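Here's the structure we're looking at; comments come further down.
We count ligands from 1, going down the list as the structure has it; atoms in each ligand are counted the same way. The structure displayed is predicted, hence computed values, not measured ones. Numbers here simply count residues along the sequence, with the first being 1. Just so it is clear, the values below take in all heavy atoms, side chains as well, and ignore hydrogens, waters and symmetry mates.
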Amino acid sequence: MSSLFTVRPLGPAIGAEVLDLDLRSVFLPETLTALEDALVIHEALVLHVPDLQPEQHLAIAQHFGEPEVHTFYPNLGQGFEQITIIDSKLGDRADMWHHDESFLPSPPIVTMTHAKILPPCGGDTCWISMTTAYDALSERMKQYLDGLNAWHDMNGPMTAALRQNVVTHERYVEVIKMGRRHLHPIVIKHPVTGRKALYISPTYTTHIDGLAIAESDAILAYLHAHCQHVQFGFRHRWRVGDMVLWDNRSVLHNAILDYQPHQRRMQRASVFARETAHA
Ligand SMILES: O=C(O)CCC(=O)C(=O)O
């Protein structure tokens with residue numbers, strides 16, 4: 001426990017809230033290191049920070065890695081291009097279980113989202129601890145998955161977005177042409193904690209490399225169902241000014257779309273690991 005703030009677990013497997021954080025201290029290395037320590041343990045951290053300014057948001061992001069300038073969403077503009085806006089009024093949504101951009105060779109490792117405008121009710125976000133889900137697999141299944149890799153592809157969700165009229169056909173063609181897909185191990189090892197985590201999602205993972213398609217479908221269907229056990233999950237009911245940080249190496253997330261026609265506007269930053277290149 002840090003003397004700079006208090007961390008209170010919100011669930012046995014995943015989720016904690018940070019209390020008594022003095023926002024003036026988010027530029028101090030000791031505060032940022034303590035936040036990082038708490039994040040890798042609890043996997044998703046809730047901060048109640050209505051006064052958080054974009055420069056403070058960015059300072060926290062920069063501690064964790066290299067902030068991404070997102071290619072799909074608008075941002076806060078000059079000086080704050082790394083703070084992305086996800087606004088339901090612009091048609092943006094993330095109601096799908098995913099790791100952020102797992103179709104990249106080196107996807108973002110941490111994401112932090114600050115709630116600016118919320119619907120009167122609904123709009124919660126859910127996370128799944130993929131470390132806890134991995135631990136709960138049978139030893140036989142763990143052995144079976146050892147050494148297997150799966151493809152993560154952006155085409156599936158783009159096709160779904162086209163069918164839902166969320167993107168134009170021009171934008172769809174443009175993104176498909178980018179050929180964003182990558183092969184990742186099905187089980188990854190967290191670089192800080194050493195814990196193993198499942199690294200698959202029903203959104204981006206298309207198939208397990210080298211298996212017959214029926215076998216790949218069956219295994220992925222089993223794993224996706226396994227991950228949905230409620231005891232691996234954490235759900236946050238947002239208040240305006242909350243910021244949640246999550247560790248993309250150990251969790252999946254899904255923002256529930258149950259609030260239309262109301263507005264939900266979030267400001268978020270995601271970061272790449274500094275030592276790895278990304279595409
Ligand atoms: O809006 C949220 O709660 C999460 C959105 C999301 O999936 C993301 O920012 O990566």
Taking only non-hydrogen atoms of Ile86 and a 4.0 Å limit, the atoms of ligand 1 in range are 9 (O)

- Task: Examine Trp246 against ligand 1 and note whether any of their N/O atoms are separated by less than 3.5 Å.
- Result: no

Please determine whether side chain to side chain donor-acceptor pair (under 3.5 Å) holds for the pair Asp124 and Trp238, giving the CA-CA distance in whole Å, both sets of side-chain angles, and the decisive distance to 0.1 Å.
CA-CA 6 Å; Asp124 296 359; Trp238 297 89; over 6 Å; no

Filtering Arg268, His253, Arg264 for the heavy atom nearest atom 1 (O) of ligand 1 leaves Arg264

| query | Strictly by modelled atom types, are Asp209 and His207 linked by a side-chain donor-acceptor pair under 3.5 Å? | reply | no

* Asked: Would you call Arg274 and Glu66 a salt bridge, taking side-chain N to carboxylate O under 4.0 Å as the test?
  -> no

among protein heavy atoms, the one nearest atom 3 (O) of ligand 1 is Thr125 OG1, 2.5 Å

Given the options Arg235, Glu43, His236, Trp127 meets side-chain contact (heavy atoms from CB on, under 4.5 Å) only with His236

Note: Val244, heavy atoms under 4.0 Å from ligand 1, region reported as neither

_Is a donor from one side chain sitting under 3.5 angstrom from an acceptor on the other, for Gln82 and Asn75?_
no

Atom 5 (C) of ligand 1 has as its nearest protein heavy atom Ala94 CB, 3.6 Å

Fill in: ligand 1 contacted by His98 (non-hydrogen, < 4.0 Å)
yes

Met266 heavy atoms within 4.0 Å reach ligand 1 at atoms 1 (O)

> Does one side chain, of Asp242 or His48, offer a donor that lies under 3.5 Å from an acceptor on the other?
Replying inline: yes

